[in-house]
Amino acid sequence: MSKGLPKRSENYSEWYNELVKRADLAENSAVRGCMVIKPYGFSIWEKMQRALDDMFKETGHTNAYFPLFVPKSLFEAEEKNAEGFAKECAVVTHYRLKSDPNNPGKLMVDPEAKLEEELVVRPTSEAIIWNTYKNWIQSHRDLPILINQWANVVRWEMRTRMFLRTAEFLWQEGHTAHATEKEAMDETKQMLDVYATFVEEWMSVPVIKGFKTANERFAGAEETLCIEAMMQDGKALQAGTSHFLGQNFAKAFDVKFQNKEGKLEHVWGTSWGVSTRLMGALIMAHSDDLGLVLPPKLAPIHVVIVPIYKGDEDLEAIKAVIMPIVKELKSLGITVKFDDNDAYRPGWKFAEYELKGVPLRMAVGMRDLQNGVIELARRDTLTKETRPIEGIATYIKDLLDEIQTAIYQKALNFRQENMFKVDTWAAFEEQIEKGGFLLCHWDGTSETEEKIKELTKATIRCIPLDAVEEEGVCVYSGKPSSKRVVFARAY
RNA sequence: CGGGGUGUAGCGUAGCCCGGUAUCGCGUCUGCUUUGGGAGCAGAAGGUCGUCAGUUCGAAUCUGGCCACCCCGACCA
């Protein structure tokens with residue numbers, strides 16, 4: 001293994017790819033466009049799942065599981081949704097293999113075993129779920145239905161990047177059904193808030209909440225809400241979406257309920273999801289040229305303790321002092337690794353745990369023991385300090401909280417420094433090359449949005465929920481506009 | 001899917017133009033010395049050269065198909 005990572009400043013995507021591999025998060029697999037998530041990477045995802053799942057439960061949702069396969073006839077029922085995903089669907093056409101008579105030892109698809117109806121591998125589950133909901137809903141008493149599922153989905157992408165875009169990815173998808181439009185819209189907004197809270201408080205990544213434009217809207221939705229985050233190269237990454245589906249799926253799948261007046265009405269729906277793409281956001285928002293920087297709340301290991309010793313006697317002396325601290329840290333809910341592996345020297349371990357983003361490193365040698373101190377090094381700031389052993393566990397607990405906040409603040413500062421109000425087309429063209437979010441007036445038309453995309457590769461990431469009303473003119477067309485939207489190049 | 005590139009030991013590579021079964025570094029194993037920022041010395045193991053076919057006395061090397069990955073486009077969470 002060579003020593004350093006590529007530099008972010010020299011080649012951002014190479015830095016990202018190398019970091020994912022070297023930090024043991026994931027690797028490419030033998031399957032085109034699909035990755036293997038390795039144990040270290042998966043343990044971060046598990047922490048995300050745990051936190052999100054708890055938040056879903058707190059807001060009244062329960063988990064269920066629906067099939068991977070969707071019969072084509074169901075898939076195509078909601079036309080806009082089907083059209084939107086048609087180009088990237090994997091399709092199962094046969095159900096059996098057999099020995100190839102012309103090629104001993106090899107298998108072939110058995111032409112006799114063609115399915116009567118093809119099965120689409122879900123790119124998303126609205127179709128199969130709404131088809132099921134039809135059977136579950138008769139009366140307003142059956143509503144609301146608040147269900148989430150953790151699942152894999154497949155979207156046959158042309159070009160893939162680990163975590164950011166893979167052919168198969170893991171996600172959660174919430175699917176809810178409601179009696180009124182308002183209730184469904186409230187749900188859509190509530191879940192967007194849940195996502196924003198999670199990404200900001202757990203991942204330490206600031207987000208902008210907003211509406212998608214018609215062009216960027218989920219196929220089949222009436223309205224798509226999203227959270228957008230800024231990566232260190234100034235590009236935007238959509239971190240989560242929450243859709244108000246109106247009655248579109250209810251109509252497509254004939255899902256009606258009898259209201260209190262005894263009249264039949266179509267059900268109102270929402271769906272919302274975040275995926276393993278969040279891993280990409282986490283990596284690109286905080287990490288540096290030495291490796292990952294993980295926020296404590298998602299770090300598989302909070303503190304690594306590296307003993308520095310000569311011979312077994314030293315090690316035993318260090319252990320005698322350290323083991324009670326390890327125990328105390330664990331009792332405070334802190335994950336500790338005491339690395340006394342003799343095969344590696346301290347310097348190697350320092351570099352290794354920096355690569356893996358462990359938030360705190362404690363180094364202890366004989367000299368420290370004599371002085372009753374240890375050395376604490378912070379991954380986020382790369383600073384070191386010498387602390388008394390006395391009371392170290394509670395100090396660490398507080399410091400981890402501080403790191404969680406500091407990482408967020410650093411990302412927020414970066415975003416503030418790279419967000420610009422832009423009012424002329426010349427300034428737009430200049431700034432978009434430098435990166436960052438451009439806050440601009442827009443005339444509200446798809447034509448202008450597409451023209452800008454064609455000219456600059458920038459898209460409207462969102463119309464912020466908190467956009468202030470102000471008089472202005474569209475940065476491209478000069479037509480009147482009442483608020484600013486966020487333009488950026490995006491992942 | 002279009003353009004460009006790559007594939008040789010666990011990882012990174014030389015060799016390929018001009019055919020004769022393979023270079024170097026890191027890692028691994030053994031031993032000793034080491035241990036406060038990626039240790040040193042000595043010895044050793046490890047390769048159907050992505051894959052399938054073709055040309056040839058002989059293919060990592062030449063030809064063709066296929067697979068995978070990377071970069072740039074189009075598409076997208």
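Per chain, numbering begins at 1; letters A, B, ... match sequence-line order. Because only heavy atoms are used, hydrogens play no part in the values below, and waters and symmetry mates are left out as well, while side chains stay in.
- If you find the closest nucleotide of RNA chain B to A:Glu168 and to A:Glu375, the one lying nearer the 5' end belongs to A:Glu375.
- For the pair A:Lys349 and A:Tyr344, the cation does not sit on the ring face, since its NZ or CZ is not both under 6.0 Å from the ring centre and inside 45° of the axis.
- Of the possible donor and acceptor atoms, one in the side chain of A:Glu78 sits under 3.5 Å from a partner among the backbone N and O of A:Lys80.
- At the heavy-atom level, A:Gly84 lies nowhere under 4.0 Å from the strands shown.
- On a pure distance criterion of 3.5 Å, a polar donor-acceptor pair joins the side chain of A:Lys384 and the base of B:G37.
- Using modelled atom types, one finds no donor on one side chain facing an acceptor on the other under 3.5 Å when comparing A:Gln49 with A:Glu46.
- A:Trp15 places a side-chain N or O within 3.5 Å of a backbone atom of A:Asp288 that can act as its donor or acceptor partner.
- Between B:U35 and A:Lys310, a contact under 4.0 Å exists linking OP1 or OP2 to a side-chain N or O.
- The base of B:G40 is not paired with the side chain of A:Arg345 by any donor and acceptor separated by under 3.5 Å.
- Residue A:Leu164 is classed as a base contact, given a heavy-atom separation below 4.0 Å to a base.
- In the set B:G37, B:C69, B:U35, the nucleotide with an atom closest to the side chain of A:Phe350 is B:G37.
- A donor-acceptor pair under 3.5 Å links the side-chain atoms of A:Gln149 to the main chain of A:Phe66, judged by distance alone.
- For A:Asp380 against A:Ala406, the heavy-atom pair with the smallest separation is OD2-CB, 3.8 Å.
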When you compare the protein's N or O atoms with those of nucleotides 71-73 of chain B, which come within less than 3.5 Å of each other, and at what distance?
| residue | atom | partner | partner atom | Å |
| --- | --- | --- | --- | --- |
| B:C71 | OP1 | A:Asn17 | ND2 | 3.0 |
| B:C72 | OP2 | A:Arg159 | NH2 | 2.6 |
| B:G73 | OP1 | A:Lys457 | NZ | 3.1 |

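- A residue-by-residue look at A:Glu216 and A:Val31 shows that A:Val31 has its nearest nucleotide of RNA chain B further toward the 5' end.
- Checked by atom type, the side-chain pair A:Tyr353/A:Lys337 shows a donor-acceptor distance below 3.5 Å.
- A side-chain N or O of A:Trp272 and one of A:Thr270 form a donor-acceptor pair less than 3.5 Å apart.
- Looking at A:Arg122 and A:Thr124, their side chains never bring a donor and an acceptor atom within 3.5 Å of each other.
- Residue contacts shown for A:Phe169 include a base, since a base heavy atom lies under 4.0 Å away.
- Residue A:Thr124 is out of contact with every strand shown, counting any heavy-atom pair closer than 4.0 Å.
- Look at NZ on A:Lys87: it is 11 Å from C1' on B:A74, rounded to the nearest Å.
- Rounded to whole Å, the distance from CH2 on A:Trp348 to C1' on B:G27 is 10 Å.
- Among the nucleotides B:G37, B:G36, B:G38, the one closest to any side-chain atom of A:Arg361 is B:G37.
- Nucleic acid contact for A:Glu354: base, since at least one base atom lies under 4.0 Å from a heavy atom of the residue.
- Listed nucleotides B:C75, B:A68, B:U35 differ in distance to A:Arg32; the shortest reach to its side chain belongs to B:A68.
- For the C1' atoms, the distance from B:U51 to B:U23 is 24 Å, rounded to whole Å.
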Measure all distances between protein nitrogen or oxygen atoms and nitrogen or oxygen atoms of nucleotides 2-5 of chain B, and list the pairs falling under 3.5 Å.
none

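- Heavy-atom distances under 4.0 Å link RNA chain B to A:Arg155, A:Glu157 of residues 146-157 of chain A, given in residue order.
- One can place CD1 of A:Ile318 at 13 Å from P of B:U35, the figure rounded to the nearest angstrom.
- For A:Asp312 and B:U34, the CG to P distance is 14 Å, given to the nearest whole Å.
- The distance between atom CZ of A:Arg22 and atom P of B:C26, rounded to the nearest whole Å, is 16 Å.
- The salt bridge (Lys or Arg N to Asp or Glu O under 4.0 Å) check on A:Glu390 picks up nothing, with sequence neighbours excluded.
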Open item on the list: If you apply the rule salt bridge (Lys or Arg N to Asp or Glu O under 4.0 Å), what do you find for A:Asp54 with A:Arg50, and how did you get there?
Closed with: CA-CA 6 Å; A:Asp54 285 348; A:Arg50 174 76 64 90; 5.6 Å; no
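- Summarising the geometry, the separation between CG on A:Asp339 and C1' on B:U35 is reported as 13 Å, rounded to the nearest angstrom.
- Within the structure, every pair that satisfies the salt bridge (charged side-chain N to carboxylate O under 4.0 Å, His left out) test and touches residues 301-319 of chain A, not counting sequence neighbours, is listed here: A:Lys319-A:Asp340.
- With rounding to whole Å, A:Asn28 atom CG is found 18 Å from B:G50 atom P.
- For RNA chain B, runs of at least 3 consecutive pairs of the Watson-Crick or G-U wobble type, with both hydrogen-bonding distances under 3.5 angstrom, map to B:1-7 with B:67-73, B:10-12 with B:24-26, B:28-33 with B:39-44, B:50-54 with B:62-66.
- Scanning both residues, A:Phe218 and A:Glu126, for their nearest heavy atoms gives CZ-OE2, 3.6 Å.
- A:Ser271 OG to A:Asn148 CG: the interatomic distance, rounded to the nearest 0.5 Å, is 11.0 Å.
- As rounded to the nearest Å, B:G47 and B:C11 have P atoms that lie 13 Å from one another.
- The residue A:Met366 sits close to a base: some heavy atom pair falls under 4.0 Å.
- Atom CD in A:Glu83 sits roughly 17 Å away from atom P in B:C75 (whole-Å rounding).
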